[in-house]
Structures are given as structure tokens and as C-alpha cells.
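All remarks here apply to the structure that follows.
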Amino acid sequence: MTLGKTCRYCAKCELIVVHQDELEAEMAYKFQTLNPEIIGNDYLILGTVDKKFWQQHLTKTDSSLDEMVKHTADFKKYLDFEYQPAGWYLDDGK
């Protein structure tokens, strides 16, 4: 699935940032009608697709996966950030 999701980008860090809950909400919405039984399963984000290529193929159904991969920039690594609200915590982090 190619999703036209706009994400945050930090030029200084060269990071694309997406909130998991936002991404999964969009995916669930798309798959409600396409294939509801896959909602909640594991998934992998491969990279970003060239915007011009993506726009040209929005209405085409005959685009091949090989063609899409040629226009995809793979992510170098995946990072998982967790948020801990400010406050007083014991030494063990609880």
C-alpha cells in the first residue's frame, strides 16, 4: 500500500517523524473496506516514494510493484521514541 501521508521532517537531524497512532488510524480507515481482517497486524514501512511518480500513478491500477520500488527511497534505519511526561521518578524509572 502506498499511503499519501504528510509527516514531520527535521532537516537538522534528517529524520522523518510520524506518530504511530496517526499512521495506524489512517491505515485502519483505508483497510476498513479493502481488507478489514488485516487491521491490527504487524506492518513495515519501507521508505518514501518520489512525489511526482506517486501523483502520476494515483489513478493507474496497472502500476507494478517493481516500478514502485524503483521510485522508493529506503529508510536507512528505524528509531522508536517514547515519551515520558515530566515529573518526579524513583531511580528505577517508575
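No experiment lies behind these values; they were computed from the predicted model shown. Nothing fancy with the numbering, it's 1 onward along the sequence.
Rounded to the nearest 0.5 angstrom, His57 NE2 and Asp50 CG are separated by 10.5 Å. Summarising the geometry, atom OG1 belonging to Thr72 is positioned 13.0 Å from atom CH2 belonging to Trp54; distances are rounded to the nearest 0.5 Å. In this structure, NE2 in His71 is found 5.5 Å from CD in Glu67, a value given to the nearest 0.5 Å.
Residues Val49 and Leu15 fall into different hydrophobic clusters, defined by Ile, Leu, Val, Met, Phe, Trp and Tyr side chains chained together at heavy-atom separations under 4.5 Å. Clustering ILVMFWY residues whenever any of their side-chain heavy atoms sit less than 4.5 angstrom apart, transitively, puts Tyr83 in a cluster other than the one holding Tyr89. Tracing side-chain contacts under 4.5 Å through hydrophobic residues (I, L, V, M, F, W, Y), one never reaches Leu65 starting from Phe75; they form parts of separate clusters. Residues Met1 and Ile16 share a hydrophobic cluster, clusters being chains of Ile/Leu/Val/Met/Phe/Trp/Tyr side chains in contact below 4.5 Å.
For the pair Val17 and Cys7, the tightest heavy-atom approach, listed with the atom from each and the gap, is O-CB, 3.4 Å.
Remark: Lys30 NZ is loosely packed, at most 12 non-hydrogen atoms of other residues, nucleotides or ligands lying under 6.0 Å away. The number of heavy atoms from other shown groups lying within 6.0 Å of CD (Glu14) does not exceed 12. No more than 12 heavy atoms of other residues, nucleotides or ligands sit less than 6.0 Å from atom CD of Gln20.
In this structure, the side chain of Tyr78 engages the main chain of Ile45 through a donor-acceptor pair within 3.5 Å.
The side-chain contact (heavy atoms from CB on, under 4.5 Å) test with Asn35 singles out one residue from Ile39, Thr33, Ile38, and that residue is Ile38.
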